[in-house]
Amino acid sequence: MEIVFKSTVNAENYKSRIYLVNSLEDAANCSLSEFEQKMLSAKVNQTRFIKIETPDYTSYVVILKNDSDDESCETLRKLGNEVYNSAQGKNEKDVVIANISCLPNVVYPFLEGFLLSQYSFSKYSKKLEINSFENIVCTGKDCGDINELNTIIKGVFVTRNLINEPNNVCTAEYFAQQAEELFAGTEAQVFVRDKKWIENEKMGGLLAVNKGSVLPPYFVHVVWNPQKNNSQPIVLVGKGIVFDAGGLSLKPNQFMETMKSDMSGAATVLGTMKIVAETKLPVHIEALIPLTDNRPGENAMALGDIITMHNGKTVEILNADAEGRLILADALSYAASLNPKLTIDVATLTGAANQAVGEHAAVYFATAEKDDCEALEKTSFKEWEPLVRFPLWNYYNELISSNMADMKNTGGQYGGAVSAAKFLQQYVSYSWIHLDIAGSAYFKSKWSYKGVGATGFGVRLLYMFLKQLA
Ligand code: BES
Ligand code: MN
Ligand code: ZN
């Protein structure tokens, strides 16, 4: 799939033509025949797009309107998906999208929805393949930054592919290799740290979770420093549990089914870094990704175990399924050595976050500056990957206090997303934002432009936020 903007293209040379209009009156400029114009006026008011089929070509007239508030933009993404579904499957490899009369701020989200819909994870079954377009040519009025859009969509697909890849292929080692391959040929550096390195760093959380696995843990560090200076980096941290069986606190089948996706935070960070490297964003950004599976192997960490973390703090393990906070805590503690300006971690951390805001939003916590939080929230609504802020009140600390160690790895019955965040906060000594994307990262059934399986939630948001810091 490739989308380009060409100012000098004649839509009439294409068999699939999509005309974007502000209102129906503008359809007069869509190079439709008299017959088509008649069909158009007959069908109008039924939907926001009208399909006109002739033996030689198919035209779509799409009425975008000029509402560009955040929720209207999300409606446009979904409209993009509807038009895509209608246009796809004709074995047609080329399509032209002619912007007749719309502003770029409504065309762009429409194109986002259209392009995001082209994804399918079909490497394991031919029957899942879709006839996506190979060449998408935009023409007419300004459509926004199409090259950048192309790069963003590909980054989202990188994330979705990594998440959808099952654990019998996507082990910690595989993920680390993918990271190396992804940035080969870019100016980003990738360091893949092995178990020896992790032991030397005394990352007791990552090592404890890994004890139930027969495969070694990894720790991936990606450096993007285009100006090659000592500026303070933005650090991204991603939860990389390549499969979460729950350890000895084994999950019931129903909750384990989707747990190949428990590395969604890691994949989100990597996809974002890919876009950063491809667009050569002039900001110093580093990514840290702790990787392991969480299984109930013979030597798995036991309940009651007391472990020592990277920063020297001790943790009493009371639930082997609260593993994400253990590997993230080590990574967050290690992040301090990079002297970060701001650190953002992304994790499918708690079912409680999913319960609280549903599957189209995520929960966030922050000790970061007000300006950064406001910018992040604003971007989250613009991209419609909405974030809801939850508190870090100190009174919640009692939820994680232990009689045996500095803290325990579980909270009480309620407020699970908060106790997890309070746990992480014990390992943070800098400006910090924590995103809990459990529920929004992976869908069991198909939904509009996000499809089924991995959604890529958070990639557009993070990239757009980072871009503003440039
Ligand atoms: N990976 C899960 C959280 C999760 C749940 C992600 C649903 C995506 C969808 C996490 O490791 C977990 O098991 N959390 C437990 C924590 C509890 C044991 C304190 C949870 O939320 O139940
Ligand atoms: Mn778990
Ligand atoms: Zn988990």
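Counting convention: from 1, in listed order, for ligands and their atoms alike. Just so it is clear, the model here is predicted, and its values are computed rather than measured. Side-chain atoms are counted along with the backbone in the values below, which use heavy atoms only and exclude waters and symmetry mates.
When non-hydrogen atoms are compared, ligand 1 lies under 4.0 Å from the backbone of Leu349 (N, CA, C, O) but not from its side chain. Only the side chain of Lys239 comes within 4.0 Å of ligand 1, judged by heavy-atom distances.
Residue-to-ligand polar distances place Lys251 within reach of ligand 1: an N/O pair is separated by less than 3.5 Å. Note: an N/O pair closer than 3.5 Å links Asp321 and ligand 1 by distance alone. For ligand 1, the polar-atom distance check against Asn409 finds no nitrogen or oxygen pair separated by under 3.5 Å. The distance criterion of under 3.5 Å between nitrogen or oxygen atoms is met by Gly351 with respect to ligand 1. In terms of polar-atom proximity, Asn354 is not counted as a contact of ligand 1, lacking any N or O under 3.5 Å from an N or O of the ligand.
Protein heavy atom in closest approach to atom 1 (N) of ligand 1: Asp262 OD1, 2.8 Å. Annotation: atom 18 (C) of ligand 1 to nearest protein heavy atom, Asn319 ND2, 3.2 Å. Considering only non-hydrogen protein atoms, atom 7 (C) of ligand 1 sits nearest to Met259 CE, 3.9 Å. Protein heavy atom at the shortest distance from atom 2 (C) of ligand 1 is Asp244 OD2, 3.6 Å.
Under the 3.5 Å distance criterion, with hydrogens and angles disregarded, a donor-acceptor pair is assigned to the side chains of Tyr364 and Glu377. Side-chain atoms of His221 and Glu286 include a donor-acceptor pair closer than 3.5 Å. Counted by atom type alone, Lys450 and His360 present one or more donor-acceptor pairs between their side chains at under 3.5 Å.
Among Asp372, Leu466, Leu462, Leu338, the single residue meeting the side chain to side chain contact (heavy atoms under 4.5 Å, CB included) criterion with Ile234 is Leu466. Glu165 pairs in a side chain to side chain donor-acceptor pair (under 3.5 Å) with only one of the listed residues (Gln178, Lys123, Lys260), which is Lys123.
Contact detail for Asn210 and Pro216: the closest heavy-atom pair is ND2-C, 3.8 Å. The shortest non-hydrogen separation linking Lys422 to Gln426 is O-NE2, 3.0 Å. Listed here is the closest heavy atom pair of Ala375 and Thr379: O-OG1, 2.7 Å. The nearest pair of heavy atoms linking Asp345 to His434 is OD1-ND1, 2.6 Å.
Between Phe457 and Trp447, the distance from one ring center to the other does not fall under 6.0 angstrom.
The residue from Gln413, Glu323, Gln355 that puts a heavy atom closest to atom 11 (O) of ligand 1 is Glu323. Evaluated by nearest non-hydrogen atom to atom 17 (C) of ligand 1, the leading choice among Ala322, Ser249, Ala441 is Ala322.
Within the structure, the closest approach of Arg325 to ligand 1 falls below 4.0 Å when heavy atoms are considered.
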Exercise for review: Before giving the answer on salt bridge (charged side-chain N to carboxylate O under 4.0 Å, His left out), spell out for Lys467 and Glu148 the whole-Å C-alpha distance, their side-chain angles and the decisive distance to 0.1 Å.
Suggested key: CA-CA 11 Å; Lys467 189 179 156 187; Glu148 184 191 45; 2.9 Å; yes
Exercise for review: Please lay out, stage by stage, how Arg193 and Glu201 fare under the test salt bridge (charged side-chain N to carboxylate O under 4.0 Å, His left out).
Suggested key: CA-CA 10 Å; Arg193 313 298 193 185; Glu201 283 291 335; over 6 Å; no
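Among the atoms of Asp244, an N, O or S atom falls under 2.8 Å from the Mn ion (ligand 2). In summary, an N, O or S atom of Glu323 is located under 2.8 Å from the Zn ion (ligand 3). In summary, Ile241 places no N/O/S atom under 2.8 Å from the Zn ion (ligand 3), failing the contact criterion.
Angle OD2(Asp262) to the Zn ion (ligand 3) to OD2(Asp244), rounded to 10°: 90°.
Contact atoms of ligand 1 toward Thr348: 1 (N), 2 (C), 3 (C), 6 (C) (distance under 4.0 Å to a heavy atom of the residue).
Per residue Glu323, closest N, O or S atom to the Mn ion (ligand 2): atom name OE1.
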